[in-house]
Amino acid sequence: MIVNGVPHGSLILPSTVTVLLAELGIEVRGIAVAVNGEIVRKSQWETTMVDHNDIVEIVTAVAGG
């Protein structure tokens, strides 16, 4: 699996987005997640599966102007 451009071979997969974020130690507040180019709504993180061949992008919202 590739997360934000970095290969991660040691993750326990398949998994859900929620479990993946916990494994990576990522605070879930204020982030957006896309799997294979498709944005995953936060309400779907518990049921959206990720696996070895997936590309995951995790973006943090930043305030400013």
Side-chain angles (χ1 to χ4, degrees):
M1 170 180 295
I2 297 176
V3 179
N4 290 352
V6 178
H8 286 269
S10 62
L11 298 172
I12 299 169
L13 299 170
S15 182
T16 65
V17 170
T18 300
V19 173
L20 172 67
L21 295 171
E23 276 192 68
L24 294 172
I26 295 175
E27 171 62 46
V28 299
R29 197 161 148 212
I31 67 167
V33 178
V35 178
N36 299 322
E38 296 288 326
I39 294 186
V40 180
R41 293 181 183 268
K42 191 170 187 175
S43 63
Q44 297 173 326
W45 289 0
E46 289 280 337
T47 57
T48 300
M49 299 300 292
V50 291
D51 209 342
H52 296 282
N53 296 322
D54 290 329
I55 298 173
V56 178
E57 294 293 328
I58 303 167
V59 181
T60 303
V62 178

Looking at I2, I'd like to know if its CD1 atom is crowded, meaning that more than 12 non-hydrogen atoms belonging to other residues, nucleotides or ligands lie closer than 6.0 Å.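 Above 12, so yes.
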Have a look at V56 and tell me which of V17, N4, L20 forms a side-chain contact (heavy atoms from CB on, under 4.5 Å) with it.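 It is L20, the one option of V17, N4, L20 that forms the side-chain contact (heavy atoms from CB on, under 4.5 Å) with V56.
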[atom1]-[atom2] distance between [X] and [Y], expressed to the nearest 0.5 angstrom:
| X | Y | atom1 | atom2 | result |
| --- | --- | --- | --- | --- |
| E23 | L11 | CD | CG | 5.0 Å |
| I58 | I26 | CD1 | CD1 | 3.5 Å |
| S15 | H52 | OG | NE2 | 10.5 Å |

Side-chain contact test, heavy atoms from C-beta onward, threshold under 4.5 Å: evaluate it for E27 versus T60 and give yes or no.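 Not in contact.
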Side chains of T16 and T47: does their closest heavy-atom pair fall under 4.5 Å?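 With C-beta onward as the side chain, the pair stays apart.
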Can you hop from V40 to M49 via hydrophobic side chains spaced under 4.5 Å?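 No, no single cluster joins them.
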Check the hydrophobic clustering (I, L, V, M, F, W, Y; side-chain heavy atoms under 4.5 Å; chains of links allowed) and say if V19 and I31 are grouped together.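 No, it is not one cluster - the side chains of V19 and I31 are not joined through contacts under 4.5 Å.
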Kindly give the heavy-atom pair with the smallest separation between K42 and V28, and that separation in Å.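 The answer is NZ-O, 3.8 Å.
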How close do E57 and G5 get, counting heavy atoms only, and between which atoms?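 Here E57 and G5 meet closest at OE2-N, 4.1 Å.
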Look at the side chain of N36 and the backbone N and O of D54, then say whether any donor-acceptor pair between them is shorter than 3.5 Å.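 Here the side-chain-to-backbone pair does not exist.
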Show, in sequence, the C-alpha distance, side-chain angles and deciding distance for V33 and L21, and conclude whether the side chain to side chain contact (heavy atoms under 4.5 Å, CB included) test is met. CA-CA 10 Å; V33 178; L21 295 171; 4.3 Å; yes
Test log, rule side chain to side chain contact (heavy atoms under 4.5 Å, CB included), inputs N53 and M1: CA-CA 5 Å; N53 296 322; M1 170 180 295; over 6 Å; no
